[in-house]
J.: 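Handing you a structure now.
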Amino acid sequence: MTAASREALADSESAATRAPQTVASATSHRVRLALSAAAERRLGAVRLRRLLSLELGRRATLEREATGPLGDELVLMWVDMSEDRVNLQVRRTGRNLARHELDITGLRADLAAHVIAIEASEMIRVQLGASPPDPCVSCALASAKAPRPLDALSFGASAALRTFQGGRTDWLAGPRLELSHDGSKFRHGVRVEWLGGEGDDGRARWLAVGVGAAARLPLPERFSVAVATLGADLAIASLASGTPSPSEAWITVASARLGLDVRVARRTWLGLRLEPGLAVAARDDLDPVFTFGAALGISAGPSR
């Protein structure tokens, strides 16, 4: 065998030994999945791992444990939940952190896990194919887009009723407008209502401005399209009544609020309010009386 033949044979053997290494490196990516306690209760760790493993296929290997040694080809994934919103975070070693949020309101646990597995596999695929970041350490990374304050505002219009026990007015009815801010756990806002009706002294008119706050009440998972609230309201009102000789009284109303909102569209809610309370007049000769209010209306705002 000549020297040229031996050199060609050595090159072919070297190429044959390098080929399996190339294939192995393409499948050496490892994915490590971790779930928060809330996500594990809602989605199930075993179910989500099985679905994610199917979605990844041969692109990467999903490890059995959430902890272990680090490595250059490791992809870390974190799944967290806040009510009906899922927060996904994916990061490959040496890459920038990727975040994504999903709204799974109204989805069953198995369907929600399937949707999350599909989205997570796509995020992992992007991380595996992403180019290395700029080694310049003085470059500022783009921060996540901060939520705008106006995104949490909701506007509602309702038909309201109010009655008093032993007062001059039997029933009052009219429109109510409300502007509220919906936080993660609490809702607070202001409202204006203009009511009218017939009382013991003739025609009556009620104009009130109030503020209130309410906290969310936990509901079973099958009622995910509904939100219950419990809170309190404080309002100042002007009550004018009497046809021959009109009179006006300033009244302070402190009431509790029990509400139920049902989502009828993506950002549209149908709500019912029950408001038992106490009405105190500014005049000393009028005793405090029990008052009961109710409102049925529609509001447009965040997903809650």
J.: If every non-hydrogen atom of Ala279 is compared with every non-hydrogen atom of Val253, which pair is closest and at what distance?
T.: CB-CG2, 4.1 Å
J.: Closest heavy-atom contact between Ala295 and Arg176?
T.: CB-NH1, 3.6 Å
J.: Among Val86, Asn87, Ile116, find the residue that satisfies the side-chain contact (heavy atoms from CB on, under 4.5 Å) test when tested with Met81.
T.: Val86
J.: Can you see which heavy atom on Leu177 is nearest to which on Ala157, and at what distance?
T.: CD2-CB, 3.9 Å
J.: Treat each ILVMFWY residue as a node, draw an edge where side-chain heavy atoms are under 4.5 Å apart, and state whether Leu258 and Leu161 are in one component.
T.: no
J.: So, using side chain to side chain donor-acceptor pair (under 3.5 Å) as the criterion, who are the partners of Glu122 when residues are at least two apart?
T.: Arg125
J.: From Arg91 CZ over to Arg99 CZ, what is the distance, rounded to the nearest 0.5 angstrom?
T.: 9.5 Å
J.: How many angstroms lie between CZ in Phe164 and CZ in Phe290, if you round to the nearest 0.5 Å?
T.: 11.0 Å
J.: Indicate yes or no: does Arg273 engage Glu193 in a salt bridge with an N to O separation below 4.0 Å.
T.: no
J.: Tell me the closest heavy-atom pair linking Arg49 and Leu33, and the distance in Å.
T.: NH2-O, 2.9 Å
J.: If we ignore hydrogens and angles and just use 3.5 Å, is the side chain of Ser82 paired with the main-chain N or O of Arg85 as donor and acceptor?
T.: no
J.: Under 3.5 Å, which donor-acceptor pairs link side chains of residues 226-240 to any protein atom two or more places apart or in another chain?
T.:
| residue | atom | partner | partner atom | Å |
| --- | --- | --- | --- | --- |
| Asp233 | OD1 | Arg257 | NH2 | 2.6 |
| Asp233 | OD2 | Arg257 | NE | 3.1 |
| Ser238 | OG | Arg205 | NH1 | 3.4 |
| Ser238 | OG | Glu248 | OE2 | 2.3 |

J.: Should Val211 and Phe186 be counted in the same cluster of Ile, Leu, Val, Met, Phe, Trp and Tyr side chains packed under 4.5 Å apart?
T.: no
J.: If I compare all heavy atoms of Leu43 with all of Ala109, which pair ends up nearest, and what's the gap?
T.: CD2-O, 4.3 Å
J.: How many angstroms lie between atom CD of Gln89 and atom CE of Met123, to the nearest 0.5 angstrom?
T.: 8.5 Å
J.: Report the distance from atom NE2 of His114 to atom CZ of Arg108, rounding to the nearest 0.5 Å.
T.: 12.0 Å
J.: Can you tell me how far apart CZ (Phe155) and CD1 (Ile298) are? Round to the nearest 0.5 Å.
T.: 12.0 Å
J.: Say you draw a straight line from CZ of Arg267 to OG of Ser299; how long is it, rounded to the nearest 0.5 Å?
T.: 10.5 Å
J.: When you compare the side chain of Val90 with that of Leu76, does any pair of heavy atoms fall below 4.5 Å?
T.: no
J.: Work out which heavy atom in Ile104 is nearest to a heavy atom in Arg42; give both atom names and the distance.
T.: O-NH2, 3.8 Å
J.: Under the rule for salt bridge (Lys or Arg N to Asp or Glu O under 4.0 Å), what residues qualify as partners of Glu178, not counting sequence neighbours?
T.: none
J.: Is it possible for you to say whether Ile118 and Val79 belong to one hydrophobic cluster, with membership spreading through side-chain heavy-atom contacts below 4.5 Å?
T.: no
J.: Considering only heavy atoms from C-beta outward, does the side chain of Trp269 approach that of Asp182 to under 4.5 Å?
T.: no
J.: Answer yes if Leu88 and Val31 sit in the same cluster of Ile, Leu, Val, Met, Phe, Trp and Tyr residues linked by side chain heavy atoms under 4.5 Å apart, and no otherwise.
T.: yes
J.: Only one of Leu54, Leu56, Leu62 forms a side-chain contact (heavy atoms from CB on, under 4.5 Å) with Ser121, so which one is it?
T.: Leu56
J.: Side-chain heavy atoms under 4.5 angstrom apart, residues restricted to Ile, Leu, Val, Met, Phe, Trp, Tyr: same cluster for Leu172 and Leu207?
T.: no
